[in-house]
Amino acid sequence: MSTLDKIHLAIGRMENWLVNIAAASLFLIMLVVVLDVIMRYGFNSPLSWSYELIAMYLMVIVFFFALSNTLEDNAHIAVDILHIKMQPRARHGCLAVGYWLSLCVFILILWTAAQETWISYINREVTDGLIQWPTWLSWLSVPVGIALLILRIAFRAVGHTLSGLSGRSVIDLPLVSGHEKE
């Protein structure tokens, strides 16, 4: 097993772990919403904390913890109209450039999110509602999810760069829309 394969497996394990947490969070959202509806319309006593829990914590987890896994599955929106006409080596080169540029952007996002999380933590920031939810816990999901996405992007940037330079596919090319394998 090559070093790239080992790295791919390690990132995949982390992605699976986070996407399972995201799935559990989505399930918890459904349970809280059902419980809130029952309490609101059945007993005229809605859950005062449900909106904050869902909006501040669970939805953030669902979104950010699934980002890297979504990239691994090539499920993000892609404009691949030019890729149909390109040779594999050129596609690898274009993807490498895109991933290296994306890496720069997401490192800035990670830096900003980590700063916001830390500032929220050291200032002991809380919400103004009936329950004073700590905001740093909500922020924490952002750098965790982005950090894993950065690992996936870096893996792909290196893989596509090596593939473009060597002329052989070190990493698989994503399928082109309308040309999927059956």
Joint hydrophobic cluster, [X] plus [Y], side-chain heavy atoms closer than 4.5 Å:
X      : Y      : answer
Tyr51  : Leu31  : no
Leu71  : Phe64  : yes
Ile29  : Ile131 : yes
Leu101 : Leu67  : no
Val105 : Phe63  : yes

Next on the checklist: To check you understand the geometry: which heavy-atom pair defines the closest contact between Pro143 and Leu110, and what is its length?
Outcome noted: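 Minimum heavy-atom contact is O-CD1, 3.4 Å.
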Next on the checklist: Tell me the closest heavy-atom pair linking Val62 and Ala22, and the distance in Å.
Outcome noted: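 Scanning both residues completely, I find the closest heavy atoms to be CG2-O, 3.5 Å.
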Mind checking whether [X] and [Y] have side chains closer than 4.5 Å, heavy atoms only?
X      : Y      : answer
Ile21  : Leu18  : yes
Trp100 : Val158 : yes
Leu162 : His92  : no
Ser141 : Phe65  : yes
Trp133 : Leu53  : yes
Ile171 : Leu4   : no
Leu95  : Arg156 : no
Pro88  : Leu173 : yes

Item to check | Residue pair Arg152 / His8, side-chain donor-acceptor N/O under 3.5 Å | outcome: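 Yes, His8 and Arg152 have a side-chain donor paired with an acceptor closer than 3.5 Å.
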Tell me whether [X] contacts the main-chain N or O of [Y] through its side chain, where contact means a donor paired with an acceptor under 3.5 Å.
X      : Y      : value
Ser163 : Val170 : yes
Arg89  : Leu165 : yes
Thr135 : Ser120 : no

How many angstroms lie between atom [atom1] of [X] and atom [atom2] of [Y], to the nearest 0.5 angstrom?
X      : Y      : atom1 : atom2 : result
Ser102 : Ile107 : OG    : CD1   : 11.0 Å
Ser68  : Phe155 : OG    : CZ    : 11.0 Å
Leu9   : Glu15  : CG    : CD    : 11.0 Å
Asp128 : Glu52  : CG    : CD    : 10.0 Å
Ile11  : Asn16  : CD1   : CG    : 12.0 Å
Leu137 : Thr117 : CG    : OG1   : 10.0 Å

Residue list, ring-ring contact (aromatic ring centres under 6.0 Å, His included) with [X], at least two apart or on another chain:
X      : result
Phe106 : none
Trp118 : Tyr121
Tyr99  : His160

Next on the checklist: Between Val32 and Trp49, is the side-chain contact (heavy atoms from CB on, under 4.5 Å) condition met? List the steps.
Outcome noted: CA-CA 10 Å; Val32 170; Trp49 47 266; 4.1 Å; yes
Looking at [X], I'd like to know if its [atom1] atom is crowded, meaning that more than 12 non-hydrogen atoms belonging to other residues, nucleotides or ligands lie closer than 6.0 Å.
X     : atom1 : answer
Asn74 : CG    : yes
Met59 : CE    : no
Asp5  : CG    : yes

Checklist entry - Checking side-chain contact (heavy atoms from CB on, under 4.5 Å) for the pair Ile150/Ile146: CA distance, chi angles, key distance, verdict? => result CA-CA 6 Å; Ile150 285 172; Ile146 295 295; 4.0 Å; yes
